[in-house]
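In what follows, a structure is listed as structure tokens, so that the remarks can point back to it.
Residue numbers run from 1 in the order of the sequence given.
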Amino acid sequence: MSDATAVPETVIELRGVTTRFGNHVVHDGLDLEVQRGEIFALVGGSGSGKSTLLREMILLHRPDAGEIRVLGNTLRDLSDDAARALRKRWGVMFQHGGLFGALTVKENIGLPLREHTDLTDAQIDAIADAKLALAGLEPEVGAQMPSELSGGMMKRASLARALALDPELLFLDEPTAGLDPISAGGVDELVRKLRDQFGLTIVMITHDLDLLWQVADRVGVLGHGKVQGVGSMAELSRMTNADIQPYFAGPRARGAQGSATSKPR
């Protein structure tokens, strides 16, 4: 029997993270934790440092001070070989897809496998087909070029590539941005399905209120260089912080909240 009082495992930990660009302070001693198996969303106004924080978590930018630990590794202390090994344990879905335009969708999905494994071409193609299906795309999409895809298909193809190496940690940058409501709803369901089916830990940046209410387990609100609040959307809705309340004001926010509370998760 599992211990219901067991302490959750922290897979991402940020302590005192400070980031500056010239005289502009983006993060000012920021602290944050993400637990294994949760869907954690980062929100905040323009310039609050969401994308910068994501880049720091995936070794694309180094903060000026503080410590970031991911999957038990202190990022500041990693050797090149250790960083390469750690990158194989996470997948990243970039906001605009990030697919290489000169490669087919299947070639894009197979690229991480060609770079990091000794699998044969046939094995890589088979895995790419499986990831396409997992992302909800038909097999024939694999032969298409990224320029031929709709916005929703591009998001799913990028997600398929992020899943190529069977990561335990998944980073999603605005997974529903620019999508129509039906396509966005499909991505919402897919994100939840991936977590539930594979036990992934998912960190996402989003402004999508439906995604926040219906998919995220916890949400961290960034503002003024700090994390202004962390909790479920229901918990955040009871906080009076001025950086948090805009997510619960206005008809769109109330509509998303009403839809979430009337639908079982």
Please determine, by modelled atom types, if [X] and [Y] share a side-chain donor-acceptor pair under 3.5 angstrom.
{"X": "T10", "Y": "E13", "result": "no"}
{"X": "D64", "Y": "T18", "result": "no"}
{"X": "D188", "Y": "Q214", "result": "no"}

Measuring from [X]:[atom1] to [Y]:[atom2], what's the distance to the nearest 0.5 Å?
{"X": "E33", "Y": "E38", "atom1": "CD", "atom2": "CD", "answer": "10.0 Å"}
{"X": "H224", "Y": "S48", "atom1": "NE2", "atom2": "OG", "answer": "10.0 Å"}
{"X": "L172", "Y": "L42", "atom1": "CG", "atom2": "CG", "answer": "11.5 Å"}
{"X": "L194", "Y": "L159", "atom1": "CG", "atom2": "CG", "answer": "5.5 Å"}
{"X": "R84", "Y": "E115", "atom1": "CZ", "atom2": "CD", "answer": "10.5 Å"}
{"X": "L75", "Y": "H61", "atom1": "CG", "atom2": "NE2", "answer": "13.5 Å"}

Identify the heavy atoms of [X] and [Y] that sit nearest to each other, and give their distance.
{"X": "A164", "Y": "I109", "answer": "CB-O, 3.4 Å"}
{"X": "K88", "Y": "H116", "answer": "NZ-O, 3.5 Å"}
{"X": "A162", "Y": "P167", "answer": "O-CG, 3.4 Å"}
{"X": "D31", "Y": "G16", "answer": "OD1-N, 2.7 Å"}
{"X": "G229", "Y": "L236", "answer": "C-CD2, 3.9 Å"}

Checking [X] side chain against [Y] main chain: does a donor-acceptor pair fall under 3.5 Å?
{"X": "Q35", "Y": "V11", "result": "no"}
{"X": "D243", "Y": "Q228", "result": "no"}
{"X": "S183", "Y": "D180", "result": "no"}
{"X": "T201", "Y": "L169", "result": "no"}
{"X": "T74", "Y": "D77", "result": "no"}
{"X": "N108", "Y": "L103", "result": "yes"}
{"X": "E107", "Y": "T104", "result": "yes"}
{"X": "S158", "Y": "M154", "result": "no"}
{"X": "K155", "Y": "E174", "result": "yes"}
{"X": "E189", "Y": "G186", "result": "no"}

Do [X] and [Y] share a hydrophobic cluster (ILVMFWY, side-chain heavy atoms under 4.5 Å, transitive)?
{"X": "V105", "Y": "L111", "value": "no"}
{"X": "L165", "Y": "L71", "value": "no"}
{"X": "F171", "Y": "L211", "value": "no"}
{"X": "V191", "Y": "F40", "value": "no"}
{"X": "V26", "Y": "L54", "value": "no"}

Take D217 and R195 through the salt bridge (charged side-chain N to carboxylate O under 4.0 Å, His left out) test and state the conclusion after the steps. CA-CA 11 Å; D217 296 307; R195 191 278 303 275; 2.5 Å; yes
Does the side chain of [Y] come within less than 4.5 Å of [X]'s, by heavy atoms?
{"X": "I124", "Y": "R114", "value": "yes"}
{"X": "D208", "Y": "V187", "value": "no"}
{"X": "T52", "Y": "H27", "value": "yes"}
{"X": "R15", "Y": "R69", "value": "no"}
{"X": "W90", "Y": "V92", "value": "yes"}
{"X": "L222", "Y": "V43", "value": "no"}
{"X": "L53", "Y": "L14", "value": "yes"}
{"X": "E235", "Y": "V230", "value": "no"}

Listing, residues 125-146 side-chain donor-acceptor contacts under 3.5 Å, not counting sequence neighbours, or none:
residue : atom : partner : partner atom : Å
D129    : OD1  : K106    : NZ           : 3.0
D129    : OD2  : K106    : NZ           : 3.4
K131    : NZ   : L163    : O            : 3.4
K131    : NZ   : D166    : OD1          : 2.5

CA sep, side-chain torsions, deciding dist, call: L59, R87, side chain to side chain contact (heavy atoms under 4.5 Å, CB included): CA-CA 8 Å; L59 290 167; R87 286 188 177 101; 3.5 Å; yes
I'd like to know whether CZ of R20 has more than 12 heavy-atom contacts from other residues, nucleotides or ligands below 6.0 angstrom. no
Heavy atoms of other groups near D80 CG, more than 12 under 6.0 Å: no
Please evaluate residues S51 and I205 with respect to the criterion side chain to side chain contact (heavy atoms under 4.5 Å, CB included), reporting the C-alpha separation (whole Å), side-chain torsions for both, the decisive distance (0.1 Å), and the verdict. CA-CA 7 Å; S51 295; I205 294 174; 4.1 Å; yes
Under 6.0 Å between ring centres, would you say that holds for H207 and Y247? no
Checking M93 against R161 for the side chain to side chain contact (heavy atoms under 4.5 Å, CB included) test, could you report, in this order, the C-alpha distance in whole Å, the side-chain angles of both residues, the deciding distance, and whether it holds? CA-CA 8 Å; M93 173 184 166; R161 186 178 65 178; over 6 Å; no
Positive for side-chain hydrogen bond (donor to acceptor under 3.5 Å, both in side chains) with T19, one of H24, R55, R62, E56: E56
Report the C-alpha separation of K193 and D196 in whole Å, then their side-chain angles, then the decisive distance to 0.1 Å, and conclude whether the salt bridge (charged side-chain N to carboxylate O under 4.0 Å, His left out) test is met. CA-CA 5 Å; K193 172 186 171 184; D196 294 345; over 6 Å; no
If you apply the rule side chain to side chain contact (heavy atoms under 4.5 Å, CB included), what do you find for E168 with F198, and how did you get there? CA-CA 8 Å; E168 55 193 287; F198 299 104; over 6 Å; no
